2 protein chains.
Amino acid sequence: MSILSAAADVLRCFSSTRHDVTVTDLVTLLGMPKSNASRLLRAMRDEGLLETVGDSKRYRPAVLLCRVGQFYRFAASLVDRSDAVVRRISDAVGHTGYISVRRGAEVMGVTAHSGRHALRVVTTIGDGLPAFASSTGRALLARLSDDEVRALYPNGLVPPSVTAPQHIDDLLARLALTRREGYAESDDEAVRGVHAVSVAVGDPETGDEVALCISFPAAIVEPAERLAIIRSLGEGAAEIAALTQDKRFYPLNLSIAETAP
Amino acid sequence: MSILSAAADVLRCFSSTRHDVTVTDLVTLLGMPKSNASRLLRAMRDEGLLETVGDSKRYRPAVLLCRVGQFYRFAASLVDRSDAVVRRISDAVGHTGYISVRRGAEVMGVTAHSGRHALRVVTTIGDGLPAFASSTGRALLARLSDDEVRALYPNGLVPPSVTAPQHIDDLLARLALTRREGYAESDDEAVRGVHAVSVAVGDPETGDEVALCISFPAAIVEPAERLAIIRSLGEGAAEIAALTQDKRFYPLNLSIAETAP
DNA sequence: AACTTGAGTTCCATTTTTTGGAACACTTTC
DNA sequence: GAAAGTGTTCCAAAAAATGGAACTCAAGTT
């Protein structure tokens, strides 16, 4: 096994709750021998992948990674464009907005803009979430065919809450609705009291796909505001879809019932 | 030489003008054999460090790096706090703001907020700049002793423009001024027509130091606005310095001449 | 249709790293 | 000052990386 995979494992140890690691952390988290952990961290520091915090024994990601991470957004210019849209909406409505990408059956936040309200949703960037049980995930899954979705879940679903889809068929029904209406919605699924609406858009040129999401406390948002948010998201995404000539984009199609409050 | 250093070299190939690389790019940029380049890129992709663009032969940084890069900002919470201050000021005045860190004799941007004005400064994040010839760099260098600064430049300066410090003594004089006034300023140094003001702040806990900078076209900013920007930066940084108990912080000390327009 | 060029991949024996157990050092804590 | 916790160094065995050359594949070009 190459040292590269060990290094990648180290990077995966970082999370929203673990901003730096020590030799012992690696031993417990990855089960590697102390000697390897010690040398690996030092090597990664020497190569500029990690840096030590002050002159302690704690290691954290180095500027190089911060820098390269930024380039990801530009390389995937879809991310950058979508981020601009979400940020604009987030600023306008004061609720938290973020964009996510799907990797297999997981979705993870790539950028986030915190809301201004006293009661706001705080997203943890970089931590993976089950795609089927989040609005961002379903917005992205809706771009796949039913067969492709089934193939993603050979062993069925393990729903994290009662409001999440409970079976594959349940999920497929919700994806069908998402395609019809052009947006996905979640309520109380991953986090209690949190409501989220998402739309997805892709770039056929690069094969990238992202979900744009606005997330807010269910309690403080009126039906009219919710609709306005959905509309902003849909319009922003539609512009991007036009730009990238995304053929699989599902445009907003608010049903009569919803548009007349 | 470890494969890790080769991998780090690959990451260093990315820049604001190169968002993805190919096997041949590595051959020319790093002078490595084609076979190695091919295997290295594949290995890095398999480990989740890179991803291919669509299904082409182009490789770009993967989400993992984007994710870990974000954590850098939180690990170095000084960066995050300073970024919030700069963003607030940037939003308020409409000019580009960014925060930078120093690594040896170079400074590089870590986060940036683009201005709103038609004529705005566009910063390239992640590309290194000579510290002595930029306001961010001098704000950071001012935190060192004269001896430490001299040690950074054993072979003297290579000024990139006539407005940059031309000799070590020239630089030290400007650093002395920076310490006295609490901010650094550059005009026409790295980029023609661009003016920048910076203040630096550190966190003794972690040893981190960052520069907060607002950058604008010299032509369109009145003396009063410039002063207001300097004041905002100084105050924002002072709050952070108080929080981190930064002993080396140089508070704002606008001379009489400047405060009375 | 055959030829050339450019880009990327695979093969293989040789060289170089990596591995992990154990001994060693250094700090805290009791 | 012993004990526990944490990180570093050493070593021979095991595994991975190296680079030259042969190979594949796709686009042009004659």
Side-chain angles (χ1 to χ4, degrees), chain A residues 1-15 17-62 64-65 75 204-208, chain B residues 1-15 17-62 64-65 71 75-76 204-208:
Chain A
M1 211 194 289
S2 154
I3 196 177
L4 211 53
S5 82
D9 287 341
V10 170
L11 296 186
R12 267 183 274 271
C13 285
F14 294 107
S15 72
T17 56
R18 187 186 307 278
H19 293 156
D20 47 37
V21 299
T22 62
V23 169
T24 341
D25 287 342
L26 290 195
V27 172
T28 48
L29 288 171
L30 302 176
M32 59 168 51
K34 257 197 316 183
S35 48
N36 286 5
S38 171
R39 278 176 306 211
L40 179 57
L41 286 177
R42 184 144 30 96
M44 289 179 75
R45 170 170 58 74
D46 291 346
E47 299 302 343
L49 298 173
L50 301 179
E51 49 190 43
T52 42
V53 180
D55 51 0
S56 72
K57 302 284 169 65
R58 314 194 67 79
Y59 290 81
R60 70 179 182 204
L64 172 62
L65 294 181
E205 184 80 19
T206 59
D208 295 328
Chain B
M1 211 193 285
S2 155
I3 196 177
L4 210 54
S5 82
D9 286 341
V10 170
L11 296 186
R12 265 182 276 271
C13 285
F14 294 107
S15 71
T17 56
R18 188 188 307 279
H19 294 156
D20 46 37
V21 299
T22 62
V23 170
T24 342
D25 285 343
L26 290 195
V27 173
T28 49
L29 287 170
L30 303 176
M32 58 168 52
K34 255 200 317 185
S35 49
N36 286 6
S38 173
R39 279 176 305 212
L40 179 56
L41 286 177
R42 185 145 28 97
M44 288 179 75
R45 170 171 58 75
D46 291 345
E47 298 303 344
L49 298 173
L50 301 180
E51 51 191 41
T52 44
V53 179
D55 52 0
S56 72
K57 301 284 169 63
R58 315 194 65 79
Y59 291 81
R60 69 179 183 203
L64 172 62
L65 294 183
F71 291 142
E205 185 80 21
T206 59
D208 295 327

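Computed from heavy atoms alone, side chains included, the values below leave out hydrogens, waters and symmetry copies. Letters A, B, ... are given to chains in the order of the sequence lines, protein chains preceding strands, and every chain is numbered from 1. The structure presented is a predicted model; accordingly, all values stated were derived computationally and were not measured.
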Check: Over how many whole Å does the gap from B:Arg39 atom CZ to C:dT9 atom C1' extend?
Finding: 10 Å

Notebook entry, point to check: Does any non-hydrogen side-chain atom of A:Val21 lie less than 4.5 Å from one of A:Leu41?
Noted result: yes

Margin query: So, does B:Ser35 get its side chain near the phosphate of C:dG8, meaning an N or O under 4.0 Å from OP1 or OP2?
Written below: no

Next item on the list: Compare every heavy atom of B:Leu4 with every heavy atom of A:Ala43, then report the nearest pair and how far apart it is.
Entry: CB-CD2, 3.9 Å

Notebook entry, point to check: In whole angstrom, what separates A:Ile3's CD1 from C:dT17's C1'?
Noted result: 8 Å

Checklist line | Euclidean distance, atom CG of residue A:Leu26 to atom P of D:dT8 [Å, nearest integer] | finding: 11 Å

Note to self: How many whole angstroms separate atom CG of B:Asn36 from atom C1' of C:dT10?
What the structure shows: 13 Å

Checklist line | Rounded distance (Å) that lies between atom P of C:dG8 and atom CE of B:Met32 | finding: 14 Å

Check: Nearest-Å distance, CG (A:Asp9) to P (C:dT19)?
Finding: 11 Å

Note to self: Rounding to 10°, can you tell me the angle the first-five-pair axis of the helix from C:dA1-D:dT30 to C:dC30-D:dG1 makes with its last-five-pair axis?
What the structure shows: 40°

Note to self: If you define the side chain from C-beta out and look only at heavy atoms, does anything of A:Leu49 sit under 4.5 Å from A:Val10?
What the structure shows: no

Note to self: Please check this pair: side chain of A:Asp25 against backbone of A:Thr22, looking for a donor-acceptor N/O pair closer than 3.5 Å.
What the structure shows: yes

Checklist line | Nearest-Å distance for atom pair NZ/C1', residues B:Lys34 and C:dT10 | finding: 11 Å

Notebook entry, point to check: With a 3.5 Å cut-off and just heavy-atom distances, do the side chain of A:Arg42 and the base of D:dG7 make a donor-acceptor pair?
Noted result: no

Checklist line | Integer-rounded Å distance: C:dT18 P and A:Leu30 CG | finding: 17 Å

Next item on the list: Indicate whether OP1 or OP2 belonging to D:dT9 is found under 4.0 Å from a side-chain N or O atom of A:Ser38.
Entry: no

Next item on the list: Starting from the 5' end of DNA chain D, give me the residue, A:Lys57 or A:Leu4, whose nearest nucleotide shows up first.
Entry: A:Lys57

Check: Side chains of B:Leu26 and B:Lys34: does their closest heavy-atom pair fall under 4.5 Å?
Finding: no

Note to self: Regarding A:Glu51 and A:Arg60, does a basic nitrogen lie under 4.0 Å from an acidic carboxylate oxygen?
What the structure shows: yes

Check: Does the side chain of B:Tyr59 come within less than 4.5 Å of B:Met44's, by heavy atoms?
Finding: no

